[in-house]
Amino acid sequence: PNDFFTLFEACIFGEDNKPEKYQDELAGIAQEIANKLKGSPLAAKTVGRLLHKHLSQEHWNGVLEKHQWLKQQRSDDIMPSLKISYDCLPFHLKKYFSYCGLFPEDHEFTSSDINHFSVAIGIIDSNHQADRNYLEELVDNGFLMKKKGYYWDDRYQQQKEFDCYVMHDLMHELSKSVSAQECLNISGLDFRADAIPQSVRHLSINIEDIYDANFEQEMCKLRERIDIANLRSLMIFRGYEEERIAKILKDSFKEINSLRVLFIVVKSAQYFPYRFSKLIHLQYLKISTSHPHWEIRLPSTLSRFYHLKFLDLDDWHGSSDLPEDFSHLENLHDFRAKSELHSNIHNVGKMKHLQELKEFHVKKESMGFELSELGALTELEGELIIRGLEHVATKEEATAAKLMLKRNLKELKLLWGRDGATTDDDILDALQPHSNLRVLTIVNHGGTVGPRWLCLEIWLTSLETLILEGISWRTLTPFGKL
(Lines give C-alpha, C1' and ligand atoms only; values in the text may rest on other atoms or scores of the structure.)
Protein backbone atom coordinates (compact mmCIF):
# COMPACT_ATOMS: atom_id res chain seq x y z
CA PRO A 1 0.00 0.00 0.00
CA ASN A 2 2.79 2.44 0.84
CA ASP A 3 4.44 1.75 -2.52
CA PHE A 4 1.18 2.51 -4.29
CA PHE A 5 0.71 5.75 -2.32
CA THR A 6 4.24 6.81 -3.28
CA LEU A 7 3.35 6.12 -6.94
CA PHE A 8 0.11 8.10 -6.53
CA GLU A 9 1.97 11.10 -5.11
CA ALA A 10 4.39 10.92 -8.04
CA CYS A 11 1.40 10.95 -10.42
CA ILE A 12 0.06 14.07 -8.71
CA PHE A 13 3.25 16.11 -8.51
CA GLY A 14 5.57 14.64 -11.14
CA GLU A 15 8.95 16.30 -10.68
CA ASP A 16 7.46 19.32 -8.90
CA ASN A 17 7.98 19.80 -5.19
CA LYS A 18 5.03 19.24 -2.88
CA PRO A 19 3.55 22.52 -1.61
CA GLU A 20 4.30 23.51 2.00
CA LYS A 21 0.66 22.98 2.99
CA TYR A 22 0.62 19.43 1.60
CA GLN A 23 1.36 17.49 4.78
CA ASP A 24 -1.09 19.46 6.93
CA GLU A 25 -3.96 20.05 4.49
CA LEU A 26 -3.79 17.59 1.57
CA ALA A 27 -1.93 14.39 2.50
CA GLY A 28 -4.86 12.93 4.43
CA ILE A 29 -7.27 13.53 1.55
CA ALA A 30 -4.73 12.02 -0.88
CA GLN A 31 -4.52 8.89 1.28
CA GLU A 32 -8.31 8.48 1.33
CA ILE A 33 -8.48 8.88 -2.45
CA ALA A 34 -5.62 6.41 -2.94
CA ASN A 35 -7.53 3.82 -0.92
CA LYS A 36 -10.34 4.00 -3.47
CA LEU A 37 -8.09 3.41 -6.50
CA LYS A 38 -7.74 -0.34 -5.80
CA GLY A 39 -4.01 -0.35 -6.54
CA SER A 40 -4.51 0.51 -10.22
CA PRO A 41 -1.58 2.45 -11.76
CA LEU A 42 -3.91 3.61 -14.55
CA ALA A 43 -6.36 5.07 -12.04
CA ALA A 44 -3.45 6.63 -10.11
CA LYS A 45 -2.20 8.34 -13.26
CA THR A 46 -5.65 9.56 -14.33
CA VAL A 47 -6.84 10.81 -10.93
CA GLY A 48 -3.36 12.17 -10.13
CA ARG A 49 -3.52 14.47 -13.16
CA LEU A 50 -6.95 15.63 -12.06
CA LEU A 51 -5.70 16.54 -8.57
CA HIS A 52 -2.63 18.30 -9.99
CA LYS A 53 -4.84 20.89 -11.72
CA HIS A 54 -5.83 22.56 -8.42
CA LEU A 55 -3.78 21.96 -5.27
CA SER A 56 -6.54 23.01 -2.89
CA GLN A 57 -8.59 21.31 -0.18
CA GLU A 58 -11.80 22.36 -1.86
CA HIS A 59 -10.88 20.70 -5.17
CA TRP A 60 -9.46 17.55 -3.58
CA ASN A 61 -12.46 17.10 -1.27
CA GLY A 62 -14.71 17.58 -4.30
CA VAL A 63 -12.90 14.73 -6.04
CA LEU A 64 -13.15 12.55 -2.93
CA GLU A 65 -16.83 13.22 -2.37
CA LYS A 66 -18.06 12.71 -5.95
CA HIS A 67 -21.20 10.62 -5.66
CA GLN A 68 -19.93 7.98 -8.10
CA TRP A 69 -17.35 6.75 -5.58
CA LEU A 70 -20.03 5.96 -3.04
CA LYS A 71 -21.86 3.59 -5.37
CA GLN A 72 -19.07 1.08 -5.93
CA GLN A 73 -20.53 -2.41 -6.11
CA ARG A 74 -17.31 -4.42 -6.00
CA SER A 75 -14.25 -3.81 -3.90
CA ASP A 76 -11.96 -4.33 -6.91
CA ASP A 77 -13.91 -2.09 -9.32
CA ILE A 78 -11.79 0.84 -10.48
CA MET A 79 -14.33 2.11 -13.04
CA PRO A 80 -15.79 4.70 -10.64
CA SER A 81 -12.34 6.18 -10.03
CA LEU A 82 -11.84 6.51 -13.80
CA LYS A 83 -15.39 7.83 -14.25
CA ILE A 84 -14.72 10.67 -11.82
CA SER A 85 -11.86 11.89 -14.01
CA TYR A 86 -14.16 11.66 -17.04
CA ASP A 87 -16.82 13.70 -15.19
CA CYS A 88 -14.29 16.49 -14.69
CA LEU A 89 -13.33 16.75 -18.38
CA PRO A 90 -14.50 19.77 -20.40
CA PHE A 91 -17.64 19.05 -22.44
CA HIS A 92 -15.88 18.83 -25.83
CA LEU A 93 -13.33 16.31 -24.53
CA LYS A 94 -16.10 14.19 -23.00
CA LYS A 95 -17.73 14.04 -26.44
CA TYR A 96 -14.47 13.09 -28.15
CA PHE A 97 -13.64 10.42 -25.60
CA SER A 98 -17.13 8.91 -25.63
CA TYR A 99 -16.93 8.12 -29.37
CA CYS A 100 -13.49 6.46 -29.09
CA GLY A 101 -15.19 3.29 -27.81
CA LEU A 102 -16.74 2.71 -31.24
CA PHE A 103 -13.30 1.80 -32.56
CA PRO A 104 -11.80 -1.65 -31.81
CA GLU A 105 -9.65 -2.29 -28.75
CA ASP A 106 -5.98 -1.46 -29.44
CA HIS A 107 -6.99 0.73 -32.41
CA GLU A 108 -4.19 3.14 -33.36
CA PHE A 109 -5.98 6.47 -33.60
CA THR A 110 -4.68 9.32 -35.70
CA SER A 111 -5.90 12.85 -35.12
CA SER A 112 -7.67 12.71 -38.49
CA ASP A 113 -9.64 9.51 -37.53
CA ILE A 114 -11.53 11.14 -34.73
CA ASN A 115 -11.56 14.63 -36.27
CA HIS A 116 -13.19 13.34 -39.47
CA PHE A 117 -15.73 11.39 -37.45
CA SER A 118 -16.52 14.41 -35.28
CA VAL A 119 -16.98 16.73 -38.26
CA ALA A 120 -19.18 14.18 -40.02
CA ILE A 121 -21.60 13.80 -37.10
CA GLY A 122 -21.58 17.53 -36.37
CA ILE A 123 -19.55 17.85 -33.15
CA ILE A 124 -17.07 20.29 -34.68
CA ASP A 125 -17.03 22.54 -37.73
CA SER A 126 -14.81 21.34 -40.60
CA ASN A 127 -13.33 24.84 -40.85
CA HIS A 128 -11.88 24.52 -37.36
CA GLN A 129 -10.91 20.83 -37.24
CA ALA A 130 -7.19 21.59 -37.46
CA ASP A 131 -7.26 24.27 -34.76
CA ARG A 132 -6.77 21.86 -31.86
CA ASN A 133 -5.45 18.37 -31.38
CA TYR A 134 -8.08 16.91 -29.05
CA LEU A 135 -6.24 13.59 -28.82
CA GLU A 136 -3.22 15.39 -27.34
CA GLU A 137 -5.55 16.93 -24.76
CA LEU A 138 -6.86 13.46 -23.90
CA VAL A 139 -3.24 12.29 -23.50
CA ASP A 140 -2.60 15.23 -21.14
CA ASN A 141 -5.60 14.15 -19.08
CA GLY A 142 -4.48 10.51 -18.93
CA PHE A 143 -7.18 9.00 -21.18
CA LEU A 144 -4.97 8.06 -24.15
CA MET A 145 -1.33 7.08 -24.64
CA LYS A 146 0.85 8.36 -27.47
CA LYS A 147 3.13 6.07 -29.49
CA LYS A 148 4.81 5.73 -32.89
CA GLY A 149 2.97 3.88 -35.62
CA TYR A 150 4.43 2.63 -38.91
CA TYR A 151 3.16 2.32 -42.48
CA TRP A 152 4.64 1.26 -45.81
CA ASP A 153 5.11 4.11 -48.30
CA ASP A 154 4.69 2.73 -51.83
CA ARG A 155 6.16 5.80 -53.50
CA TYR A 156 9.43 5.66 -51.58
CA GLN A 157 9.42 1.88 -50.98
CA GLN A 158 10.22 2.33 -47.32
CA GLN A 159 8.63 2.21 -43.89
CA LYS A 160 7.62 5.56 -42.42
CA GLU A 161 6.51 6.48 -38.93
CA PHE A 162 3.69 8.65 -37.66
CA ASP A 163 2.25 9.72 -34.32
CA CYS A 164 -0.72 7.70 -33.15
CA TYR A 165 -2.72 7.22 -29.97
CA VAL A 166 -3.91 4.09 -28.20
CA MET A 167 -6.36 3.47 -25.39
CA HIS A 168 -5.90 1.21 -22.37
CA ASP A 169 -8.52 -1.57 -22.34
CA LEU A 170 -10.08 -0.17 -19.15
CA MET A 171 -10.39 3.24 -20.79
CA HIS A 172 -11.98 1.54 -23.78
CA GLU A 173 -14.55 -0.01 -21.43
CA LEU A 174 -15.14 3.37 -19.83
CA SER A 175 -15.68 5.00 -23.21
CA LYS A 176 -18.28 2.36 -24.14
CA SER A 177 -19.94 2.77 -20.77
CA VAL A 178 -20.33 6.56 -20.83
CA SER A 179 -21.66 6.51 -24.42
CA ALA A 180 -23.99 3.51 -24.05
CA GLN A 181 -27.19 5.52 -24.69
CA GLU A 182 -25.88 6.69 -28.06
CA CYS A 183 -23.18 4.25 -29.22
CA LEU A 184 -22.98 0.47 -29.56
CA ASN A 185 -19.82 -1.53 -30.25
CA ILE A 186 -20.65 -5.15 -31.14
CA SER A 187 -17.38 -7.04 -30.73
CA GLY A 188 -18.63 -10.41 -29.49
CA LEU A 189 -21.09 -12.96 -30.84
CA ASP A 190 -22.72 -13.13 -27.40
CA PHE A 191 -24.29 -9.65 -27.42
CA ARG A 192 -27.95 -9.31 -26.37
CA ALA A 193 -30.22 -6.99 -28.33
CA ASP A 194 -32.69 -6.63 -25.44
CA ALA A 195 -30.05 -4.80 -23.40
CA ILE A 196 -29.42 -2.19 -26.10
CA PRO A 197 -30.97 1.27 -25.56
CA GLN A 198 -33.39 2.23 -28.34
CA SER A 199 -31.66 5.62 -28.56
CA VAL A 200 -28.50 4.18 -30.20
CA ARG A 201 -27.46 6.20 -33.29
CA HIS A 202 -23.84 5.07 -33.80
CA LEU A 203 -23.01 1.40 -34.34
CA SER A 204 -19.73 -0.46 -34.93
CA ILE A 205 -19.15 -4.15 -35.63
CA ASN A 206 -15.93 -6.09 -35.15
CA ILE A 207 -17.03 -9.69 -34.49
CA GLU A 208 -15.13 -12.88 -35.34
CA ASP A 209 -15.48 -14.43 -38.78
CA ILE A 210 -17.57 -17.34 -37.44
CA TYR A 211 -21.25 -18.05 -38.13
CA ASP A 212 -23.38 -18.23 -35.02
CA ALA A 213 -27.15 -18.87 -35.15
CA ASN A 214 -27.69 -16.98 -31.91
CA PHE A 215 -25.94 -13.91 -33.36
CA GLU A 216 -28.28 -14.06 -36.35
CA GLN A 217 -31.31 -14.08 -34.02
CA GLU A 218 -29.97 -11.16 -31.96
CA MET A 219 -29.30 -9.10 -35.10
CA CYS A 220 -32.92 -9.70 -36.17
CA LYS A 221 -34.07 -8.42 -32.76
CA LEU A 222 -31.74 -5.44 -33.01
CA ARG A 223 -33.39 -4.45 -36.30
CA GLU A 224 -36.72 -4.28 -34.49
CA ARG A 225 -35.30 -2.54 -31.42
CA ILE A 226 -33.34 0.40 -32.85
CA ASP A 227 -34.21 2.76 -35.68
CA ILE A 228 -31.89 1.50 -38.44
CA ALA A 229 -33.11 4.14 -40.90
CA ASN A 230 -31.95 6.90 -38.56
CA LEU A 231 -28.49 5.51 -37.72
CA ARG A 232 -25.86 8.22 -38.14
CA SER A 233 -22.79 5.95 -38.12
CA LEU A 234 -22.18 2.37 -39.23
CA MET A 235 -18.60 1.15 -38.92
CA ILE A 236 -17.72 -2.41 -39.98
CA PHE A 237 -14.04 -2.97 -39.29
CA ARG A 238 -13.29 -6.31 -40.96
CA GLY A 239 -14.17 -8.42 -43.96
CA TYR A 240 -16.08 -11.69 -43.64
CA GLU A 241 -15.19 -14.76 -45.69
CA GLU A 242 -18.10 -16.53 -43.97
CA GLU A 243 -20.81 -15.50 -46.40
CA ARG A 244 -23.66 -16.09 -43.94
CA ILE A 245 -22.25 -13.34 -41.69
CA ALA A 246 -21.87 -11.01 -44.67
CA LYS A 247 -25.51 -11.67 -45.58
CA ILE A 248 -26.72 -11.12 -41.99
CA LEU A 249 -24.98 -7.73 -41.92
CA LYS A 250 -26.24 -6.71 -45.35
CA ASP A 251 -29.82 -7.72 -44.49
CA SER A 252 -29.66 -6.05 -41.07
CA PHE A 253 -28.79 -2.68 -42.54
CA LYS A 254 -30.82 -2.56 -45.73
CA GLU A 255 -32.93 0.33 -44.40
CA ILE A 256 -30.05 2.74 -43.77
CA ASN A 257 -30.54 6.12 -45.41
CA SER A 258 -29.41 8.82 -42.95
CA LEU A 259 -25.78 7.78 -42.41
CA ARG A 260 -23.10 10.45 -42.00
CA VAL A 261 -20.31 7.90 -41.43
CA LEU A 262 -19.87 4.51 -43.17
CA PHE A 263 -16.94 2.09 -42.91
CA ILE A 264 -17.26 -1.08 -45.01
CA VAL A 265 -15.01 -3.95 -46.12
CA VAL A 266 -15.94 -5.59 -49.43
CA LYS A 267 -14.72 -8.46 -51.59
CA SER A 268 -17.16 -8.02 -54.49
CA ALA A 269 -19.74 -5.54 -55.72
CA GLN A 270 -22.42 -7.56 -53.89
CA TYR A 271 -20.93 -6.61 -50.52
CA PHE A 272 -21.98 -2.94 -50.82
CA PRO A 273 -25.15 -2.07 -48.86
CA TYR A 274 -28.49 -2.40 -50.66
CA ARG A 275 -29.17 1.34 -50.53
CA PHE A 276 -25.59 2.50 -51.09
CA SER A 277 -26.50 4.90 -53.90
CA LYS A 278 -29.11 6.59 -51.65
CA LEU A 279 -26.67 7.53 -48.88
CA ILE A 280 -26.51 11.15 -50.02
CA HIS A 281 -25.95 12.52 -46.49
CA LEU A 282 -22.58 10.74 -46.11
CA GLN A 283 -19.70 12.93 -45.00
CA TYR A 284 -17.09 10.29 -44.07
CA LEU A 285 -16.73 7.09 -46.12
CA LYS A 286 -14.08 4.40 -45.73
CA ILE A 287 -14.08 1.50 -48.21
CA SER A 288 -11.57 -1.35 -47.79
CA THR A 289 -11.06 -4.70 -49.47
CA SER A 290 -10.25 -7.76 -47.36
CA HIS A 291 -7.68 -8.95 -49.99
CA PRO A 292 -6.48 -7.67 -53.37
CA HIS A 293 -9.47 -7.96 -55.72
CA TRP A 294 -8.33 -6.01 -58.77
CA GLU A 295 -11.56 -6.70 -60.66
CA ILE A 296 -13.77 -4.83 -58.14
CA ARG A 297 -14.55 -1.31 -59.27
CA LEU A 298 -15.70 1.57 -57.15
CA PRO A 299 -19.45 2.12 -57.63
CA SER A 300 -20.28 4.79 -60.21
CA THR A 301 -22.85 6.16 -57.75
CA LEU A 302 -20.00 7.29 -55.48
CA SER A 303 -19.99 10.66 -57.23
CA ARG A 304 -23.55 11.35 -56.02
CA PHE A 305 -22.36 11.92 -52.45
CA TYR A 306 -22.21 15.69 -52.79
CA HIS A 307 -21.81 16.27 -49.02
CA LEU A 308 -18.84 13.87 -48.71
CA LYS A 309 -15.88 15.55 -47.00
CA PHE A 310 -13.63 12.59 -46.21
CA LEU A 311 -13.02 9.55 -48.42
CA ASP A 312 -10.57 6.92 -47.17
CA LEU A 313 -9.41 4.36 -49.75
CA ASP A 314 -6.05 3.65 -48.11
CA ASP A 315 -6.99 -0.03 -47.77
CA TRP A 316 -8.74 -0.29 -51.15
CA HIS A 317 -7.04 -2.96 -53.29
CA GLY A 318 -9.49 -3.01 -56.18
CA SER A 319 -9.43 -1.30 -59.57
CA SER A 320 -7.66 2.08 -59.82
CA ASP A 321 -10.35 3.44 -62.11
CA LEU A 322 -12.46 6.21 -60.64
CA PRO A 323 -16.00 7.08 -61.73
CA GLU A 324 -15.86 9.51 -64.69
CA ASP A 325 -17.67 12.24 -62.75
CA PHE A 326 -15.71 11.75 -59.50
CA SER A 327 -14.94 15.49 -59.49
CA HIS A 328 -18.63 16.11 -58.66
CA LEU A 329 -17.50 15.53 -55.05
CA GLU A 330 -16.86 19.25 -54.76
CA ASN A 331 -16.95 19.29 -50.94
CA LEU A 332 -14.25 16.62 -50.55
CA HIS A 333 -11.47 17.83 -48.23
CA ASP A 334 -9.43 14.70 -47.59
CA PHE A 335 -9.03 11.91 -50.18
CA ARG A 336 -6.82 9.17 -48.77
CA ALA A 337 -5.69 6.81 -51.47
CA LYS A 338 -2.67 5.61 -53.43
CA SER A 339 -1.01 7.96 -55.91
CA GLU A 340 -2.50 6.10 -58.88
CA LEU A 341 -6.03 6.93 -57.77
CA HIS A 342 -5.11 10.57 -57.18
CA SER A 343 -3.67 10.87 -60.67
CA ASN A 344 -6.84 9.43 -62.22
CA ILE A 345 -9.17 12.24 -61.10
CA HIS A 346 -10.72 13.75 -64.22
CA ASN A 347 -11.36 17.55 -63.95
CA VAL A 348 -9.80 17.67 -60.48
CA GLY A 349 -9.95 21.48 -60.60
CA LYS A 350 -13.61 21.33 -59.57
CA MET A 351 -12.61 19.91 -56.17
CA LYS A 352 -11.57 23.24 -54.69
CA HIS A 353 -11.39 22.07 -51.05
CA LEU A 354 -9.03 19.15 -51.71
CA GLN A 355 -6.13 19.20 -49.23
CA GLU A 356 -3.91 16.54 -50.79
CA LEU A 357 -3.18 15.52 -54.37
CA LYS A 358 -0.25 13.12 -54.42
CA GLU A 359 0.20 13.10 -58.20
CA PHE A 360 -1.07 14.97 -61.22
CA HIS A 361 -0.33 13.75 -64.77
CA VAL A 362 -0.51 16.28 -67.59
CA LYS A 363 -2.11 14.36 -70.49
CA LYS A 364 -2.11 15.91 -73.93
CA GLU A 365 -4.68 13.55 -75.39
CA SER A 366 -7.21 13.73 -72.52
CA MET A 367 -9.53 16.58 -71.67
CA GLY A 368 -9.66 17.28 -67.93
CA PHE A 369 -5.93 16.68 -67.34
CA GLU A 370 -4.56 20.07 -68.42
CA LEU A 371 -2.14 21.75 -66.02
CA SER A 372 -4.69 24.54 -65.46
CA GLU A 373 -6.76 22.03 -63.42
CA LEU A 374 -4.33 22.70 -60.53
CA GLY A 375 -5.07 26.42 -60.54
CA ALA A 376 -8.12 26.34 -58.26
CA LEU A 377 -6.61 23.91 -55.72
CA THR A 378 -5.24 26.52 -53.31
CA GLU A 379 -5.71 24.37 -50.17
CA LEU A 380 -3.27 21.60 -51.16
CA GLU A 381 -0.91 20.45 -48.40
CA GLY A 382 1.98 18.02 -48.10
CA GLU A 383 3.53 16.76 -51.33
CA LEU A 384 2.57 17.20 -54.98
CA ILE A 385 4.18 15.39 -57.91
CA ILE A 386 3.51 16.80 -61.39
CA ARG A 387 4.38 14.40 -64.22
CA GLY A 388 4.18 14.87 -67.98
CA LEU A 389 5.41 18.47 -68.05
CA GLU A 390 6.80 17.82 -71.55
CA HIS A 391 3.19 18.22 -72.72
CA VAL A 392 3.07 21.85 -71.54
CA ALA A 393 3.75 24.03 -74.57
CA THR A 394 3.43 27.62 -73.33
CA LYS A 395 4.28 29.82 -70.39
CA GLU A 396 0.57 30.68 -70.06
CA GLU A 397 -0.32 27.00 -69.48
CA ALA A 398 2.31 26.76 -66.73
CA THR A 399 1.20 30.01 -65.08
CA ALA A 400 -2.37 28.68 -64.94
CA ALA A 401 -1.27 26.04 -62.38
CA LYS A 402 -0.86 28.92 -59.86
CA LEU A 403 1.73 27.06 -57.81
CA MET A 404 2.69 30.29 -56.09
CA LEU A 405 -0.73 30.41 -54.35
CA LYS A 406 -0.32 26.97 -52.71
CA ARG A 407 1.11 28.24 -49.43
CA ASN A 408 0.63 24.94 -47.53
CA LEU A 409 2.55 22.80 -50.02
CA LYS A 410 5.74 21.44 -48.42
CA GLU A 411 7.18 19.21 -51.19
CA LEU A 412 7.02 19.66 -54.97
CA LYS A 413 8.34 17.41 -57.74
CA LEU A 414 8.40 18.73 -61.31
CA LEU A 415 8.98 15.84 -63.73
CA TRP A 416 9.52 15.91 -67.49
CA GLY A 417 9.64 12.75 -69.62
CA ARG A 418 12.94 10.97 -70.33
CA ASP A 419 13.04 11.75 -74.05
CA GLY A 420 15.10 14.88 -73.39
CA ALA A 421 12.88 17.17 -75.45
CA THR A 422 13.97 20.78 -75.38
CA THR A 423 11.76 22.84 -73.08
CA ASP A 424 11.08 26.56 -73.19
CA ASP A 425 12.89 28.02 -70.15
CA ASP A 426 9.93 30.33 -69.55
CA ILE A 427 7.79 27.30 -68.63
CA LEU A 428 9.92 26.42 -65.59
CA ASP A 429 10.02 30.11 -64.67
CA ALA A 430 6.20 30.10 -64.64
CA LEU A 431 6.08 27.08 -62.28
CA GLN A 432 7.28 29.19 -59.35
CA PRO A 433 6.16 27.70 -56.01
CA HIS A 434 5.27 29.51 -52.79
CA SER A 435 8.19 30.55 -50.59
CA ASN A 436 7.06 28.13 -47.82
CA LEU A 437 8.27 25.12 -49.87
CA ARG A 438 10.74 22.86 -48.04
CA VAL A 439 11.64 20.16 -50.61
CA LEU A 440 11.97 20.72 -54.38
CA THR A 441 12.82 18.16 -57.05
CA ILE A 442 13.30 18.97 -60.75
CA VAL A 443 13.86 16.02 -63.12
CA ASN A 444 14.69 15.91 -66.86
CA HIS A 445 14.07 19.58 -67.54
CA GLY A 446 15.28 20.01 -71.12
CA GLY A 447 15.98 23.75 -70.92
CA THR A 448 19.37 25.43 -70.87
CA VAL A 449 19.00 27.63 -67.80
CA GLY A 450 17.41 27.23 -64.40
CA PRO A 451 14.48 29.29 -63.14
CA ARG A 452 15.08 32.80 -61.85
CA TRP A 453 13.16 32.05 -58.65
CA LEU A 454 15.70 29.39 -57.61
CA CYS A 455 17.63 31.96 -55.65
CA LEU A 456 17.21 30.68 -52.17
CA GLU A 457 18.23 33.76 -50.22
CA ILE A 458 15.62 35.87 -52.01
CA TRP A 459 12.65 33.57 -52.67
CA LEU A 460 12.76 29.96 -51.44
CA THR A 461 13.89 30.93 -47.96
CA SER A 462 12.33 27.84 -46.29
CA LEU A 463 13.88 25.27 -48.65
CA GLU A 464 15.74 22.44 -46.89
CA THR A 465 16.28 19.94 -49.75
CA LEU A 466 16.92 20.52 -53.46
CA ILE A 467 17.21 17.57 -55.90
CA LEU A 468 18.16 18.15 -59.54
CA GLU A 469 18.29 15.15 -61.92
CA GLY A 470 18.87 14.91 -65.66
CA ILE A 471 19.36 18.65 -66.25
CA SER A 472 21.85 20.38 -68.58
CA TRP A 473 21.72 23.98 -67.45
CA ARG A 474 24.64 26.06 -68.67
CA THR A 475 24.95 27.78 -65.32
CA LEU A 476 23.62 27.00 -61.86
CA THR A 477 21.79 29.62 -59.88
CA PRO A 478 23.73 30.82 -56.80
CA PHE A 479 21.94 28.72 -54.22
CA GLY A 480 23.11 30.57 -51.13
CA LYS A 481 22.62 28.57 -47.94
CA LEU A 482 20.72 25.30 -48.03
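Positions are given from 1 along the sequence.
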Is any side-chain heavy atom of [X] less than 4.5 Å from a side-chain heavy atom of [Y]?
{"X": "Glu255", "Y": "Leu231", "result": "no"}
{"X": "Leu222", "Y": "Ser252", "result": "no"}
{"X": "Tyr271", "Y": "Glu243", "result": "yes"}

Leu412/Ile386 under side chain to side chain contact (heavy atoms under 4.5 Å, CB included): CA gap, chis, key distance, verdict: CA-CA 8 Å; Leu412 177 64; Ile386 306 177; 4.3 Å; yes
So, are [X] and [Y] salt-bridged, with charged N and O less than 4.0 Å apart?
{"X": "Lys146", "Y": "Glu136", "value": "yes"}
{"X": "Arg244", "Y": "Glu216", "value": "no"}
{"X": "Lys95", "Y": "Glu182", "value": "yes"}
{"X": "Glu224", "Y": "Lys221", "value": "no"}

For residues [X] and [Y], report the shortest heavy-atom separation together with the two atoms involved.
{"X": "Ser233", "Y": "Phe117", "answer": "OG-CE1, 3.5 Å"}
{"X": "Ser204", "Y": "Leu102", "answer": "OG-O, 2.7 Å"}
{"X": "Arg192", "Y": "Ile196", "answer": "O-CG1, 3.6 Å"}
{"X": "His172", "Y": "Pro104", "answer": "NE2-C, 3.7 Å"}
{"X": "Ser175", "Y": "Ser98", "answer": "OG-O, 3.2 Å"}
{"X": "Val166", "Y": "His107", "answer": "CG1-O, 3.8 Å"}

is_close_aromatic(Tyr240, Tyr211), centroid dist under 6.0 Å: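 Ring centres of Tyr211 and Tyr240 not closer than 6.0 Å.
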Parallel, tilted or perpendicular: which describes the rings of [X] and [Y], with under 30° parallel and over 60° perpendicular?
{"X": "Phe5", "Y": "Phe8", "result": "tilted"}
{"X": "Tyr284", "Y": "Phe310", "result": "perpendicular"}
{"X": "Phe326", "Y": "Phe335", "result": "tilted"}
{"X": "Trp60", "Y": "Phe13", "result": "tilted"}

Answer yes or no: are there more than 12 heavy-atom neighbours, outside [X] itself, under 6.0 Å from its atom [atom1]?
{"X": "Glu58", "atom1": "CD", "value": "no"}
{"X": "Glu208", "atom1": "CD", "value": "no"}
{"X": "Glu340", "atom1": "CD", "value": "no"}
{"X": "Phe91", "atom1": "CZ", "value": "no"}
{"X": "Arg407", "atom1": "CZ", "value": "no"}
{"X": "Asn17", "atom1": "CG", "value": "no"}
{"X": "Lys278", "atom1": "NZ", "value": "no"}
{"X": "Gln158", "atom1": "CD", "value": "yes"}

Could you tell me the separation between the [atom1] atom of [X] and the [atom2] atom of [Y], rounded to the nearest 0.5 Å?
{"X": "Phe215", "Y": "Gln217", "atom1": "CZ", "atom2": "CD", "result": "12.0 Å"}
{"X": "His342", "Y": "Glu359", "atom1": "NE2", "atom2": "CD", "result": "10.0 Å"}
{"X": "Leu234", "Y": "Leu262", "atom1": "CG", "atom2": "CG", "result": "5.5 Å"}
{"X": "Leu354", "Y": "Glu379", "atom1": "CG", "atom2": "CD", "result": "9.0 Å"}
{"X": "Ile228", "Y": "Asn257", "atom1": "CD1", "atom2": "CG", "result": "11.0 Å"}
{"X": "Ile385", "Y": "Phe360", "atom1": "CD1", "atom2": "CZ", "result": "13.5 Å"}

[X] (side chain) donor-acceptor with [Y] (main chain) under 3.5 angstrom:
{"X": "Arg275", "Y": "Ile256", "value": "yes"}
{"X": "Ser339", "Y": "Lys358", "value": "no"}
{"X": "His54", "Y": "His52", "value": "no"}
{"X": "Thr46", "Y": "Leu42", "value": "yes"}
{"X": "Ser258", "Y": "Ala229", "value": "yes"}
{"X": "Asp113", "Y": "Thr110", "value": "yes"}
{"X": "Lys406", "Y": "Leu374", "value": "yes"}
{"X": "Thr289", "Y": "Pro292", "value": "no"}

Candidate pair Ile287 and Leu313, rule side chain to side chain contact (heavy atoms under 4.5 Å, CB included), full reasoning: CA-CA 6 Å; Ile287 308 175; Leu313 299 179; 3.8 Å; yes
Set of residues satisfying side-chain hydrogen bond (donor to acceptor under 3.5 Å, both in side chains) with respect to Lys338, sequence neighbours excluded: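 Lys338: no side-chain hydrogen bond (donor to acceptor under 3.5 Å, both in side chains) contacts found.
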Under the side-chain hydrogen bond (donor to acceptor under 3.5 Å, both in side chains) test, residues paired with Ser268 that sit two or more places apart: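 Residues passing side-chain hydrogen bond (donor to acceptor under 3.5 Å, both in side chains) with Ser268: Gln270.
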Lys NZ or Arg CZ of Lys160 over Tyr151 ring: under 6.0 Å, within 45°: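 No cation-pi geometry.
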Derivation and outcome, salt bridge (Lys or Arg N to Asp or Glu O under 4.0 Å), residues Lys267 and Glu241: CA-CA 9 Å; Lys267 68 174 188 176; Glu241 298 299 320; 3.1 Å; yes
Stepwise ring pair (Phe, Tyr, Trp, His ring centres under 6.0 Å) test for Phe263 and Phe237: CA-CA 7 Å; Phe263 289 13; Phe237 283 99; 5.7 Å; yes
Leu174 vs Leu170, side chain to side chain contact (heavy atoms under 4.5 Å, CB included): CA-CA, chis, key distance, verdict: CA-CA 6 Å; Leu174 178 64; Leu170 284 171; over 6 Å; no
Asp251: partners by salt bridge (charged side-chain N to carboxylate O under 4.0 Å, His left out), with sequence neighbours left out: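 Residues passing salt bridge (charged side-chain N to carboxylate O under 4.0 Å, His left out) with Asp251: Lys247.
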Residue pair Asn214, Leu189: steps toward the side chain to side chain contact (heavy atoms under 4.5 Å, CB included) verdict: CA-CA 8 Å; Asn214 181 62; Leu189 295 168; over 6 Å; no
Tyr134/Phe97 under ring pair (Phe, Tyr, Trp, His ring centres under 6.0 Å): CA gap, chis, key distance, verdict: CA-CA 9 Å; Tyr134 293 104; Phe97 176 73; over 10 Å; no
Polar contact flag, side-chain donor to acceptor under 3.5 angstrom, Ser112-Arg336: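 There is such a pair between these side chains.
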Exercise: do Tyr96 and Glu137 side chains pair donor with acceptor under 3.5 Å: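 Judged by distance alone, the side chains do not pair up.
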Verdict with reasoning, Phe276 to Phe305, per ring pair (Phe, Tyr, Trp, His ring centres under 6.0 Å): CA-CA 10 Å; Phe276 185 73; Phe305 302 155; 5.2 Å; yes
